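Start at 1 and go down the list; that is how both ligands and their atoms are numbered. All values reported here derive from a predicted model rather than from experimental measurement.
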Amino acid sequence: MTTAVRVVLAVLVAVLALATAAPAQEATLKVVSAFPENSIYVKRLEEWIGRVNGASKGTLQLNFIGGPKAIPTFEVGNAVRTGVVDMAMSTGAFYTNVFPESDALKLTQMPIAEQRRNGAYDYVNRVWNQKGNMQYLARIVEHQSFHLYLNRKIDKPDLTGLKIRVTPVYRAFFTALGATVMQTAPGELYTALERGVVDGYGWPIGGIFDLNWHERTKFRVDPGFYDAEVSLLVNLDTWKKLTPAQRDVLTRQGLAFEQANDFWKSYAESETRRQAQAGIETIRLEGAQARQYVDRAYEAAWADVLKASPEHGAKLRELFSKR
Ligand code: 173
């Protein structure tokens, strides 16, 4: 064979190899949010989606479908479980209709970074896999205590005669304090306040300006209690169908998102200031009364979780509680 023929053959072999190589696998995942589109959570989600799509170099495309107008808040969990959507941003309180343990995530007393070290994350992910057909990808909100916001003044932790908007997050606690409770998705709260249907509501320290609730809020009760949790969930069948490289992109980007959670500490401070500037007065429980208020919050919530799920509840309590 002459050199020229050899070169031509080598080029042909290379061209053939390129032509028959499997194309880079691409996956497009449908993503929804259980929170309204104008919330801070969705703003940060959309930025993250942009980063993931950039980092995946065409192997993975996250396609944001929208908020509760696409899938109603309390139906997002089942949409993830059944694969109607591939991925969602939600909070445990919104999918207790899938499995009751979900609402326990608000009771974690250490950062998610530590939960990944102490076995809590792995335990949660196993339960979420088994009972929700979900991969628990990342916790993207923490360092945000929940508060009671009111339009009527109280001077002790007694909510007798008050009607308070809740989700499962606050139901047991506010009921224990004597409130009459009414559940709404975040998207329905403004109207409930406007019409005077409720005298107050539960929400984390940050975010009340996103849907203009500050216009209809006179007081915030301190201290806060629990730790707001918002997480990314992936349908487990979708997760298993991804290539290892695609799962790796999601895992790494999920971790990177978690590692930016210190944002929520400064956000809590700025939102506290902003509430004061907006004229929202603080009703501050002090000393023993404050301690009893917070203890009661945890007791009421754990009693609920343990009743619904004695075994997982006990294990989660052990893993989530400060030692
Ligand atoms: O809607 C809610 O008050 C609620 O349950 C929640 C949970 C996590 C973050 C923000 C709100």
Criterion ring-ring contact (aromatic ring centres under 6.0 Å, His included) on Y121 and W128, from CA distance to verdict: CA-CA 10 Å; Y121 170 85; W128 266 235; 10.0 Å; no
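Distances below 4.0 Å separate heavy atoms of P186 from the following atoms of ligand 1: 1 (O). Close approach of ligand 1 to E229 is summarised as follows: ligand atoms under 4.0 Å from at least one heavy atom of the residue are 8 (C). Atom numbering of ligand 1 starts at 1 in the shown order; those under 4.0 Å from a heavy atom of P204 are 9 (C), 10 (C), 11 (C). Interface atoms of ligand 1 facing T167, defined by a heavy-atom separation under 4.0 Å, are 1 (O), 2 (C), 3 (O), 4 (C), 5 (O). With ligand atoms numbered from 1 in the order given, ligand 1 contributes 3 (O) to contacts under 4.0 Å with heavy atoms of G202.
Of all the heavy atoms of R165, the ones lying under 4.0 Å from any atom of ligand 1 belong exclusively to the side chain.
Taking atom 7 (C) of ligand 1 as the reference point, the nearest protein heavy-atom neighbour is T91 CG2, 3.5 Å.
Using a 4.0 Å cut-off between charged side-chain N and carboxylate O, E281 and K153 make a salt bridge.
The aromatic rings of F146 and Y226 sit perpendicular, their planes meeting at an angle over 60°, well past the 30° parallel limit. Taking the six-membered ring for Trp and thresholds of 30 and 60 degrees, Y149 and Y201 have nearly parallel ring planes, at less than 30 degrees apart. By the 30° and 60° cut-offs, the orientation of the rings of F174 relative to Y170 is parallel.
Distances shorter than 4.0 angstrom do not occur between any heavy atom of Q144 and any atom of ligand 1.
Of the listed residues (F257, W264, W48), just one forms a ring pair (Phe, Tyr, Trp, His ring centres under 6.0 Å) with Y41, and that residue is W264.
Nearest-heavy-atom check against atom 9 (C) of ligand 1 across Y201, Y41, W203 picks out Y41. Proximity annotation for atom 4 (C) of ligand 1: of Y226, Y170, F35, Y170 comes nearest, heavy atoms only.
Checked against the 6.0 Å centroid threshold, F99 and H312 do not count as a close aromatic pair.
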